[in-house]
Amino acid sequence: MRLFLSILLAGCATTPETQQFNELTFLDNPAEVSQEAEVLENKPTLVEDGAPNVFLPGDVNFDRPERPEIEEVEPEPVPTLSTVQTALGWYGINGLALSHDGGTGMLGMSGGNSCEYNPDGFLSGADYSNQTCPDIPVEYDEQGRVMYLCNEDIGFWSPSYGDQHYIVSGLVATKVTADGFVTVEDADVCQVSRRDHAGGVASVEVPSDLCTNEPMISVDEVDDVIYLANGDVYAVTIDGYRRIADNAGDMVAFDAAHGAAVVAWEGDTTIGSVDNSGDLLWRSEAAGAIYDLAPVGDTGAVFALVYEDLDMPGSFVAFDGAQGTVWGEGVAWDGMFDFSISRDATTMITSANGAIYTYDIVIEE
């Protein structure tokens, strides 16, 4: 999860068709309705010989064409979502991450080291350093590895595998996947690479703008599609790439349940989603500015981090990826530094103003 507010917390104790989206444009044009006016009785008559040939409006009788009513489609019912705070801890950190099952977490401590964190509110387990930079845990993979970033050094750590490091020259962005990780790097060309922990690499050349303007990454694990957003939105497969939306947003989160990429501009209120072909599924306006997007596991909802005022509490608003209906929301305290959601969508931890909050995510059909 991106750190959208940079604050320093002290102390360490014993986390191919392009469509327009922005500026209210990602809308399909209303269907044009064309009907011929029907003459009911008299044909238009001409005046007497010698006079100009003109229609006499009084001799024409027709009904005004009417636009047919467009039936509004009712949205499908969606589950309800809420969050319940279950624990609170106080630690100065550089970042945090939560495991896929929500059973454990990792805090990058302000002293530069990492400590395993029990979501019940206390430190537990390993205390180590993974990087020469201060440890900033990014996210877990399915094998329980935690990913760290330090310039071009991508580090992983887990009790089973220990330390693993991969140097990627020209690294621009990276994202964990089920069996490895994805990188965007500026090599001889700008490229997106799928990488595994055995050293396998498969790269696809992409537009240079994706290396000069860092994209946000989200991954469709089932169909092996990598979504990138840096203003335009791209879908990258093993064979190539497609730009599926132009000027649509710089944040993206993939909804696996519906096959939808939810997109927004950081600091703007507009949010919407497209499918793999770039077709608009829905568009809506949040109650405040959006500062991050994250899938709520594979449930079909995506959290948008929304603030009307950064000095006041905001909300994690859960939008349905397929139709934009809001499932519910949870509190997002002002001073938000980082957050992480378990892949099974049961637990979330957040950091704000030196506090580490743990929440149960409650979803009811």
Side-chain angles (χ1 to χ4, degrees), residues 1-3 15 83 86-87 89 91 93-109 113-131 133-150 153-166 168 171 173-183 194-198 216-222 226 253-256 292-299 302-303 305 316 337-351 356-361:
M1 222 53 61
R2 61 171 60 179
L3 310 181
T15 180
T83 60
T86 58
Y91 299 100
I93 67 169
N94 297 317
L96 54 76
L98 188 61
S99 64
H100 279 210
D101 64 1
T104 189
M106 192 66 67
L107 304 183
M109 309 305 291
N113 61 311
S114 290
C115 292
E116 283 190 294
Y117 182 69
N118 186 311
D120 287 337
F122 54 89
L123 299 180
S124 63
D127 181 348
Y128 64 93
S129 291
N130 179 265
Q131 296 282 13
C133 304
D135 282 356
I136 301 177
V138 179
E139 56 186 326
Y140 277 79
D141 68 10
E142 289 185 352
Q143 287 74 42
R145 300 180 181 94
V146 187
M147 184 174 75
Y148 297 86
L149 296 179
C150 178
D153 183 354
I154 302 174
F156 288 85
W157 181 90
S158 73
S160 300
Y161 297 94
D163 276 335
Q164 297 171 282
H165 290 268
Y166 308 88
V168 179
L171 180 66
T174 187
K175 180 77 174 175
V176 164
T177 61
D179 55 357
F181 55 106
V182 168
T183 57
R194 292 164 170 82
R195 301 173 182 267
D196 61 36
H197 290 285
M216 187 172 179
I217 306 173
S218 195
V219 181
D220 174 359
E221 300 274 9
V222 175
I226 301 165
F254 182 71
D255 162 22
D292 210 345
L293 296 175
V296 186
D298 296 331
T299 62
V302 168
F303 268 147
L305 179 57
F316 287 98
F337 179 65
D338 199 4
F339 68 97
S340 184
I341 304 165
S342 65
R343 183 65 178 267
D344 66 3
T346 61
T347 310
M348 176 170 66
I349 57 175
T350 71
S351 172
I356 311 296
Y357 299 91
T358 301
Y359 297 93
D360 283 347
I361 299 174

### Query
CG/Leu149 to CD/Gln131 distance, rounded to the nearest 0.5 angstrom?
7.5 Å

### Message
So if I apply the side chain to side chain contact (heavy atoms under 4.5 Å, CB included) rule between Leu98 and each of Thr347, Thr104, Ile341, which one comes out positive?
### Response
Thr347

### Short side-chain to backbone donor-acceptor contact, Asn118 and Phe122, under 3.5 Å
no

### Query
Rounded to the nearest 0.5 Å, what separation is found between the CD atom of Glu116 and the OG atom of Ser99?
9.5 Å

### Query
Side-chain contact, heavy-atom cut-off 4.5 Å: Lys175 with Met216?
no

### Task
Name the orientation class of the two ring planes belonging to Phe303 and Phe316 (parallel below 30°, tilted from 30 to 60°, perpendicular beyond 60°).
tilted

## Note on the structure
Shortest non-hydrogen pair, Thr177 vs Val182, comes out as CG2-CG2, 3.5 Å

### Task
Evaluate the criterion side chain to side chain donor-acceptor pair (under 3.5 Å) for residue pair Arg195 and Thr183; output intermediate values, then yes/no.
CA-CA 8 Å; Arg195 301 173 182 267; Thr183 57; 2.9 Å; yes

### Message
Is any side-chain heavy atom of Phe254 closer than 4.5 Å to one of Val219?
### Response
no

### Query
Can you tell me how far CD1 of Ile356 sits from OG of Ser351, rounded to the nearest 0.5 angstrom?
4.0 Å

## Note on the structure
Output for pair (Ile154 CD1, Thr174 OG1), nearest 0.5 Å, gives 4.0 Å

#### Entry: Residue from Tyr148, Phe181, Tyr161 passing ring pair (Phe, Tyr, Trp, His ring centres under 6.0 Å) with Phe156
Phe181

